[in-house]
Amino acid sequence: MIRLAGLSIDLGEFMLDSFSLSVDEGEFFMVVGPSGAGKTVLLEAIAGLRQPSGGKILVAGRDVTDLPPEKRNVALVYQDYALFPHLSVEENIRWGLRFAPRPDGPHVEGLVRLLRLEHLLERRPETLSGGEQQRVALARALAVKPSVILLDEPISALDPRFREDLQDYLSRINREGMTIMMVTHDFNEVLSLGHRVAVIVEGSLQQVGEVKTVFREPANRLVADFVGMKNLFPSNIKGGLARLEGGLSLVLDGQKAGGECLIGIRPEDVMIGQDLAEGTENVFGGRVVSIVPRGMAFEVVFEVGGIRLTGRMLSSALVREDVRPGADCRVGFCPGAIHVFEGSHKI
């Protein structure tokens, strides 16, 4: 459905560098990366709002690199909505229909009902909340029945209840065949919505793959940092053991190439509790350094054998195991939870 072949965009101080990427028809494709990585620039290029300095953009097998936005059958919804301030909500929603060969009135009316906009049609954008403006922007994009919809953090401004409703709606239109390419900062959205994901850092494509693969097996330290693999340690591997600078030796799952490398352990793979038998594989005594709330769970930092190890616990587990700053505890992880990065530990 979308194919980028060696796409480059030179903005002077920033460059999106030689992207080659494909999004399948009917796919829910996610694009993630830190602020300033180039995610929005990428969407704007596909939509026709930025001219590439090199490469090609193909949509449904058609080269659209030099076509204007209205000729691409691609809709873009910005994070900041980009509504026309001088038009009413209804006029904003129907604005793109002037370019449609056969405007579908019932389709638009259905969108208005679905996104709960009936009572807002006569109002101007400046009188709406952020969540209401986001719903108007989404209705405007879908009104023209695009072949592809590009979403730039569409859920960030919504209250939790409507965020869930919108996620359900996006999942439904995707199941019905809509190709969606969505930018987000939140990897939880990637896990709940995406089929595949691309990670961009500083204008460079770092990894593309199925969501679970990128989440569990990041390609390098940049990707690992972004997907939340906080336990990253330089190590020396020899004889099935990873020896860390702090003195710990960790048992690996199967034989790994020897030498200097980087290893990673996801916080949710760190087991915590007095039932762990110290002295067994990858179980160690430790001390709780800090506890920080992170949404539905708590991030717990431990001092273990000269290193700091981060785990995640629910509140019920914190109480049950009497985990508190300064307390002694046992922590562990199975050998299969240790991800070994190829190459130098400086990756």
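Each residue takes its place number in the sequence, starting with 1.
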Below 4.5 Å, heavy atoms only, C-beta onward: do [X] and [Y] meet side chain to side chain?
X      : Y      : result
Val214 : Val211 : no
Val227 : Gln207 : no
Arg216 : Asp269 : yes
Ser35  : His185 : yes
Thr310 : Val300 : no
Ile46  : Val148 : no
Pro293 : Phe298 : yes

To the nearest 0.5 Å, tell me how far [X] [atom1] sits from [Y] [atom2].
X      : Y      : atom1 : atom2 : answer
Arg72  : Ser147 : CZ    : OG    : 11.5 Å
Leu49  : Leu43  : CG    : CG    : 10.0 Å
Leu252 : His339 : CG    : NE2   : 12.0 Å
Leu4   : Ile2   : CG    : CD1   : 7.0 Å
Leu166 : Leu138 : CG    : CG    : 6.0 Å

Are [X] and [Y] within salt-bridge range, i.e. N to O under 4.0 Å?
X      : Y      : result
Arg196 : Glu210 : no
Lys230 : Glu299 : yes
Arg3   : Asp63  : no
Arg124 : Glu126 : no

Carefully, step by step, assess Glu122 and Ser88 under the rule side chain to side chain donor-acceptor pair (under 3.5 Å).
-> CA-CA 5 Å; Glu122 301 303 317; Ser88 68; 5.3 Å; no
Should we say atom CD of Glu70 is surrounded by more than 12 heavy atoms from elsewhere, each under 6.0 Å from it?
->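 Yes, enclosed.
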State plainly whether one hydrophobic cluster holds both [X] and [Y], where clusters connect Ile, Leu, Val, Met, Phe, Trp and Tyr through side-chain heavy atoms under 4.5 angstrom apart.
X      : Y      : result
Met181 : Tyr169 : no
Leu42  : Met15  : no
Met313 : Val288 : yes

What class does the angle between the rings of Phe284 and Phe333 fall in, given that below 30° is parallel, 30 to 60° is tilted and above 60° is perpendicular?
->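 Plane angle between 30° and 60°, so tilted.
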Parallel, tilted or perpendicular for Phe226 and Phe187, by the 30°/60° rule?
->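 Phe226 vs Phe187 ring planes: perpendicular.
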Can you check salt bridge (charged side-chain N to carboxylate O under 4.0 Å, His left out) on Lys71 and Asp66, steps first, answer last?
-> CA-CA 10 Å; Lys71 299 292 186 181; Asp66 298 319; over 6 Å; no
Report yes or no: does [X] contribute a side-chain atom to a donor-acceptor pair with the main-chain N or O of [Y] at less than 3.5 Å?
X      : Y      : value
Asp10  : Ser53  : no
His107 : Leu142 : yes
Thr179 : Glu25  : no

Begin from the C-alpha positions of Arg308 and Glu303 and carry the test salt bridge (charged side-chain N to carboxylate O under 4.0 Å, His left out) through to its verdict.
-> CA-CA 5 Å; Arg308 291 206 168 186; Glu303 176 115 6; 3.6 Å; yes
Give the C-alpha distance, both sets of side-chain angles, the deciding distance and a yes or no for side chain to side chain donor-acceptor pair (under 3.5 Å) between Glu44 and Tyr78.
-> CA-CA 10 Å; Glu44 290 175 336; Tyr78 275 107; 2.7 Å; yes
Are Val270 and Asn231 close enough, and set up right, to give a side-chain contact (heavy atoms from CB on, under 4.5 Å), and what steps lead you there?
-> CA-CA 10 Å; Val270 176; Asn231 301 304; 3.9 Å; yes
Check the pair Phe19 / Ser8 against side-chain contact (heavy atoms from CB on, under 4.5 Å), numbers first and verdict last.
-> CA-CA 6 Å; Phe19 263 61; Ser8 295; over 6 Å; no
List the steps and the verdict of side-chain contact (heavy atoms from CB on, under 4.5 Å) for Phe29 and Asp24.
-> CA-CA 8 Å; Phe29 190 89; Asp24 296 333; over 6 Å; no
Identify the heavy atoms of Thr65 and Ile57 that sit nearest to each other, and give their distance.
->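 Looks like OG1-N, 2.8 Å.
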Test side chain to side chain donor-acceptor pair (under 3.5 Å) on Asp17 and Ser204 and set out the steps.
-> CA-CA 6 Å; Asp17 187 26; Ser204 178; 5.8 Å; no
Step by step, work out the side-chain contact (heavy atoms from CB on, under 4.5 Å) result for Phe341 and Met229.
-> CA-CA 12 Å; Phe341 295 85; Met229 187 176 276; 4.0 Å; yes
Sole candidate of Glu260, Glu245, Arg243 that passes side chain to side chain donor-acceptor pair (under 3.5 Å) when paired with Asn236 =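 In the set Glu260, Glu245, Arg243, the residue that makes a side chain to side chain donor-acceptor pair (under 3.5 Å) with Asn236 is Glu260.
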Side chain to side chain donor-acceptor pair (under 3.5 Å) between Asn174 and Glu27, intermediate numbers included = CA-CA 7 Å; Asn174 173 247; Glu27 186 171 20; over 6 Å; no
